[in-house]
Amino acid sequence: MEFSIKSIPFLGADAEGLLLFSFEGGPSNQLKEIDKSLGGRIGRAFKRGEFKGKEREVYSLSLWGEARYERIILAGLGQESRFNKDKVRMASALGVKEARRFKLSYLAIAPMGFGGCGHEETLQLMVEGCLLGTYRFDRLKTKGGEDGDVKGCVFITETDIDMGVMRQGIERGIAIAESVNHVRDLINSPGNIITPKALAREAKRIARGSQLTCKVLNLDDIKRLGMNAFLSVAKGSAEPGCIIIMEYRGVGGREKPVVLAGKAVTFDSGGISIKPSKNMEQMKYDMAGGGAVIGVIEALARLKLPVNVVGIIPATENLPGGRATKPGDVVKSMSGKTIEIISTDAEGRMILADALSYALRYKPRVIIDLATLTGACVVALGRHAIGMMGNNRKYLDMIREAGEASGERVWELPIWEEYEDLIKSDVADMKNVGDRSAGTIVGAIFLKHFVEDTPWVHLDIAGTAWADKESAYQPKGATGVGVRLLIEFLEHLIEDE
Ligand code: BES
Ligand code: ZN
Ligand code: ZN
């Protein structure tokens, strides 16, 4: 989808449809003005109650050759007093999907002013909504989908607005949304296509031609480093595991990096502690944490943010087999700490343990890990909140604020000392699972042993990485959660320090 800006009359663009926005209540002055050339049809739609401007409401009217456009699409923003930025993404996504339903190839969009949201940001949000909302994973279908694609959107503006600034908003929206959509592609791709090796190849492809570096630790390197927690998972599989390391240097010198660690289990069968087969196919999304880290790094390179970030992505399958880890096995992790493996299905924390130890080599200012770590997180928070735990108040608060601003919201759970008892082992320094209680917290309690005193935030995205049903800018399947959240966080970090 191409985006452009033009300073022309609202009814003068070379497009088949015009998308307009409205709060609940009645037409704005802008809409009234446009309505003058439409014979009052928008006003009548309001009067008859055919369109109210409610959140998630879309309404379209056919113009039958009365004007240049075939169709006017109205997208609701809800009550003005309850406005937030996410509603711009939602309304834009629903508006452009309506255009797609009517097979319009080119759409004019009349952005309006929103409280507390400048022109640059408004356009960014609209572009994000359009690109995220029309995302489809259809590359494995041999025949195309039902409806065509909207090929281009032209934003129409009044003359006195700085076009350069607007263009920047569009570019930022494209960089972020395309990165999110790449992550969605990686996650939606099944385990036979996105193997650890294929994921590493993708990471290298993204790094090529940009200021990113990407190196991949193979099984020999991993053995040499003593990463036996990672190996305990990887050894059950015929596909070799690897650890992908991507570096983005946005500021030179010795500024300490932010390290992002992302769980990338390209398929989680549970291993010997095998999962029930119902919905097991969904476990291709167990690499969503690693996918998000790759997406953040891609977005950083495109946005050229002045910050140093290292991404560490332990990638492996988790399968049963003659060489697989057995419940009761004990391994010595890279940190030197020994772990009794009670469940081979608690594999994410095993591979992250060694990834976190490796992260300490960078002397990071903060480590943030993302992982589809526990089914308990889906039970506790459902699909609308990321579970957040960590050891540093400042960074926890910053991530929470970034969650509110980006629409990828987090909810904090405690990791009090008392929970430590749950992972005491009779034979090793710790075991990898507790009893049935506090499953999400126990995951974090386990990981905490591997970050020493480094500020650290753990994000459990088991619920938020996957959508069971379509919503405004979120098709069914992989969400790409984490990219918008962390870009927002990093931007604040840059402003702060
Ligand atoms: N990948 C799963 C967690 C998961 C479950 C993510 C459902 C998304 C949806 C993880 O590796 C796992 O199996 N965790 C176990 C932990 C348990 C053995 C302590 C779980 O949640 O059952
Ligand atoms: Zn598992
Ligand atoms: Zn898993």
Side-chain angles (χ1 to χ4, degrees), residues 187-188 191 194 196 199 229-230 232-234 236-237 241 261-292 313-321 324-329 339-355 369-387 389 413 419 422-425 430-447 458-468 476-482:
I187 301 172
N188 283 325
I194 288 293
L199 192 64
F230 175 90
S232 75
V233 181
S237 174
K263 168 180 174 182
V265 174
T266 58
F267 187 75
D268 182 11
S269 72
I272 298 295
S273 315
I274 199 159
K275 288 180 180 294
S277 46
K278 188 167 164 41
N279 293 337
M280 204 208 267
E281 72 286 352
Q282 277 188 8
M283 278 300 114
K284 67 179 181 181
Y285 92 82
D286 213 19
M287 37 65 69
I313 301 134
T316 176
E317 297 182 328
N318 184 25
L319 294 180
T325 288
K326 303 166 290 296
D329 287 0
I339 305 164
E340 181 188 11
I341 299 165
I342 301 294
S343 171
T344 63
D345 198 10
E347 83 297 342
R349 63 199 72 182
M350 300 298 293
I351 66 172
L352 279 174
D354 283 340
D369 78 74
L370 292 105
T372 46
L373 207 69
T374 64
C377 188
V378 194
V379 175
L381 300 174
R383 303 240 172 248
H384 301 292
I386 297 169
M389 289 137 277
L413 299 172
Y419 291 107
L422 290 168
I423 55 166
K424 292 226 159 94
S425 163
M430 66 191 98
K431 52 184 184 177
N432 75 336
V433 302
D435 55 21
R436 287 166 58 85
S437 65
T440 301
I441 291 170
V442 167
I445 290 277
F446 179 91
L447 294 177
H458 162 59
L459 299 171
D460 194 329
I461 57 170
T464 46
W466 191 258
D468 292 320
K476 218 165 144 176
T479 61
V481 75

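By convention here, the first residue in the shown sequence is residue 1. Just so you know, ligand 1 is whichever comes first in the structure, and atom 1 is the first atom listed for that ligand.
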- prompt: Only one of Met287, Glu347, Met350 forms a side-chain contact (heavy atoms from CB on, under 4.5 Å) with Val265, so which one is it?
  reply: Glu347

field: atom 1 (N) of ligand 1: nearest protein contact (heavy atom, Å)
entry: Asp286 OD1, 2.8 Å

field: Tyr285 near ligand 1 by a heavy-atom separation under 4.0 Å
entry: yes

- prompt: When only distance counts, is Asp345 in polar contact with ligand 1, meaning an N/O pair under 3.5 Å?
  reply: yes

- request: State the atoms of ligand 1, each with its element, that fall below the 4.0 Å cut-off from a heavy-atom position in Asp268.
  value: 1 (N), 2 (C), 10 (C), 11 (O), 13 (O)

message: Among all the protein's non-hydrogen atoms, which is closest to atom 16 (C) of ligand 1, and how far away is it?
response: Arg349 NH2, 3.8 Å

message: Checking the N or O distance criterion of under 3.5 Å, is ligand 1 in contact with Thr374?
response: no

query: Under 4.0 Å from any heavy atom of Glu347, which atoms of ligand 1 are there?
result: 11 (O)

query: In the protein, which heavy atom is nearest to atom 7 (C) of ligand 1, and how far is it?
result: Met283 CE, 3.7 Å

query: Can you list the atoms of ligand 1 that are under 4.0 Å from a heavy atom of Lys263?
result: 1 (N), 10 (C), 11 (O)

task: Considering only non-hydrogen protein atoms, determine which one is nearest to atom 14 (N) of ligand 1 and report residue, atom name and distance to 0.1 Å.
output: Leu373 O, 3.4 Å

query: Can you name the N, O or S atom of Glu347 that is closest to the Zn ion (ligand 2)?
result: OE1

Electrostatic pair Asp369-Lys263, nearest N-O below 4.0 angstrom: no

- request: Specify the protein heavy atom at minimum distance from atom 19 (C) of ligand 1: its residue, its atom name, and the distance to 0.1 Å.
  value: Val433 CG1, 3.5 Å

- prompt: Applying a strict 4.0 Å limit to heavy atoms, is Lys275 in contact with ligand 1?
  reply: yes

message: Suppose we measure from atom 21 (O) of ligand 1 to each protein heavy atom; which comes out shortest, and what is that distance?
response: Gly375 N, 2.7 Å

field: Verdict with supporting geometry, Asn318 and Phe267, side chain to side chain contact (heavy atoms under 4.5 Å, CB included)
entry: CA-CA 6 Å; Asn318 184 25; Phe267 187 75; over 6 Å; no

field: Nearest neighbour in protein (non-hydrogen) for atom 18 (C) of ligand 1
entry: Ser343 OG, 3.5 Å

Name of whichever N/O/S atom of Asp268 is nearest to the Zn ion (ligand 2): OD2

